Amino acid sequence: MSDNGGETMTDKTVLVTGGTGGIGKATAAGLARLGARVGIVGRNRQRAEAAAADIRREVDKAVVDVFVADMSSQAEVRRLAADVLDRYPRLDVLVNNVGGFWATRHSTADGLEHTFAVNHLAPFLLTNLLLDRLRASAPARVVTVSSGAHAKGRIDFDDLQAERNYQGGRAYSQSKLANVMFTYELARRLEGTGVTATVLHPGVVRTGFGAEDPGRVTGLLVPIARPFMKTPERGAATPVYLASSAEVGGVTGRYFANGKPKRSVERSYDAHAAAHLWSVSSKLVGLPEALPGAAARPDT
Ligand SMILES: NC(=O)c1ccc[n+]([C@@H]2O[C@H](COP(=O)([O-])OP(=O)(O)OC[C@H]3O[C@@H](n4cnc5c(N)ncnc54)[C@H](OP(=O)(O)O)[C@@H]3O)[C@@H](O)[C@H]2O)c1
């Protein structure tokens, strides 16, 4: 991975979800440093304004906009999308970074399991709602932050909401596998539009990850491992690269780790399962299925 392939991001507009802390904030700062106008999304206005002020302090002439939405709620994701469409006449890059680990099962305002809702359904819905703007801004990119944990994931279509048996690690891995399969299906549906879709593992990064509802690993082992983890800036290297580099300008439907393309777990390439996941997700967020490419796939 070179710096960013020599590109600047001047005149580009980027939206980073989960941009108020951890990897997302470092990604927003990295892209602002390359000259992009960045929008950061978080749940709390004060925290988001403070993060924007940090980025402005850190990066000379940074243009940072704040968006506030609790992305566990579909109504809030819809309001966020409307706000973005209103404020951004063009959108060059969407970085779907929001995500986390919760050790116990929580229900969202929509009555859905929280990990699946925030980590998968929120980026799924937001991307779909912003797709026309991204297409109109082509060449454009959708970059989704998954995790190496996707490799342990299984999409349990019989119990997607983990009503029978919730385990934090299992729910997390499932949602991160869903990020990978969503990206591959999105790339297929966006073929020929000039909008690319890539997905990545950022590495093991020292952030607020898992702090809201820590389990055994996040609560006990993470503090011990913290000194050996990547800084958020190093964790942001791959999302910044995929969002900005000319080297990956036309690359789509690929998984990256440490700035390099890598094969994701074998079952993530199951196109039939990915189309089914798209269809089920559309129903769960109340989107018509006839979104990009659906017409060519009557079976989905
Ligand atoms: N850290 C790691 O080692 C690691 C490894 C692999 C993958 N990842 C992935 O990297 C991504 C970022 O993780 P991180 O470690 O940087 O986490 P983090 O430090 O906990 O940051 C999470 C971000 O998401 C926002 N957020 C959380 N819930 C939200 C909600 N309901 N609505 C809107 N915003 C919400 C938080 O903002 P507010 O609190 O201000 O709302 C914050 O900006 C995640 O997708 C994670 O799965 C992380």
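The first residue of the sequence shown is numbered 1, and numbering continues consecutively from there. Keep in mind that what you see is a predicted model, and the values were worked out from it rather than measured.
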Is a side-chain donor or acceptor of [X] paired with a backbone partner of [Y] at a separation under 3.5 angstrom?
| X | Y | result |
| --- | --- | --- |
| R90 | L134 | no |
| R79 | A69 | no |
| N258 | K260 | no |
| S137 | A140 | no |
| S245 | Y241 | no |
| D65 | I40 | no |
| R105 | Q161 | yes |
| Q74 | L284 | yes |
| R141 | T198 | no |
| D213 | A103 | yes |

Do we see a donor-acceptor contact under 3.5 Å between the side chains of [X] and [Y]?
| X | Y | result |
| --- | --- | --- |
| Q167 | Y172 | no |
| Y166 | T115 | yes |
| S264 | Y269 | yes |
| N179 | H120 | no |
| T127 | N96 | yes |
| E185 | T183 | no |
| T108 | H106 | no |

Please find the pair of heavy atoms, one from [X] and one from [Y], that lie closest to each other, and give the distance.
| X | Y | value |
| --- | --- | --- |
| V205 | G235 | CG2-CA, 3.8 Å |
| T196 | G249 | CG2-O, 3.6 Å |
| V265 | H150 | N-NE2, 3.0 Å |
| T27 | P239 | OG1-CG, 3.6 Å |
| V98 | V118 | CG1-O, 3.8 Å |

Using 0.5 Å steps for rounding, measure from the [atom1] atom of [X] to the [atom2] atom of [Y].
| X | Y | atom1 | atom2 | value |
| --- | --- | --- | --- | --- |
| L186 | N128 | CG | CG | 7.5 Å |
| S107 | L112 | OG | CG | 8.0 Å |
| L125 | M71 | CG | CE | 8.0 Å |
| E76 | D83 | CD | CG | 11.0 Å |
| L160 | S175 | CG | OG | 11.5 Å |
| T144 | Y184 | OG1 | OH | 11.5 Å |

- Task: Among D92, V38, V93, V240, find the one that has a side chain to side chain contact (heavy atoms under 4.5 Å, CB included) with M9.
- Result: V93
- So which of T17, L200, V14, V142 actually passes side chain to side chain contact (heavy atoms under 4.5 Å, CB included) with V95? V14
- Given the rule that I, L, V, M, F, W and Y join up when any side-chain heavy atoms are under 4.5 Å apart, are V143 and V251 in one cluster? yes
- Message: Are F101 and I155 connected into the same hydrophobic cluster when the rule is that any two of I, L, V, M, F, W, Y join if their side-chain heavy atoms are below 4.5 Å apart?
- Response: no
- Message: Set out, in order, the CA-CA distance, both residues' side-chain angles and the distance that settles ring pair (Phe, Tyr, Trp, His ring centres under 6.0 Å) for F256 and H201, then state yes or no.
- Response: CA-CA 6 Å; F256 285 74; H201 169 54; over 10 Å; no
Is a salt bridge present between [X] and [Y], judged by a nitrogen-to-oxygen distance below 4.0 Å?
| X | Y | answer |
| --- | --- | --- |
| R43 | E212 | yes |
| R267 | D270 | no |
| K230 | E233 | no |

Answer yes or no: are there more than 12 heavy-atom neighbours, outside [X] itself, under 6.0 Å from its atom [atom1]?
| X | atom1 | result |
| --- | --- | --- |
| N165 | CG | yes |
| F228 | CZ | no |
| R154 | CZ | no |

- salt bridge (Lys or Arg N to Asp or Glu O under 4.0 Å) partners for R206, two or more places apart: none
- Query: With a cut-off of under 6.0 Å to the ring centre and 45° to the axis, is R37 in cation-pi contact with Y88?
  - Reply: no
- Query: With a cut-off of under 6.0 Å to the ring centre and 45° to the axis, is R189 in cation-pi contact with W278?
  - Reply: yes
- With sequence neighbours left out, write down each residue that passes side-chain hydrogen bond (donor to acceptor under 3.5 Å, both in side chains) with R47, or none if nothing qualifies. none
- Message: Measuring only between side-chain heavy atoms, which start at C-beta, is N44 closer than 4.5 Å to V68?
- Response: no
- Query: Do L85 and L130 touch side chain to side chain, with heavy atoms closer than 4.5 Å?
  - Reply: yes
- Task: For side-chain contact (heavy atoms from CB on, under 4.5 Å), just list the numbers for S282 and F124, CA-CA rounded to whole Å, side-chain angles, deciding distance to a tenth of an Å, and then say yes or no.
- Result: CA-CA 8 Å; S282 299; F124 176 83; 3.6 Å; yes
- Message: Evaluate R164 against D158 for side-chain contact (heavy atoms from CB on, under 4.5 Å), listing each step before the verdict.
- Response: CA-CA 10 Å; R164 285 203 287 273; D158 293 332; 3.8 Å; yes
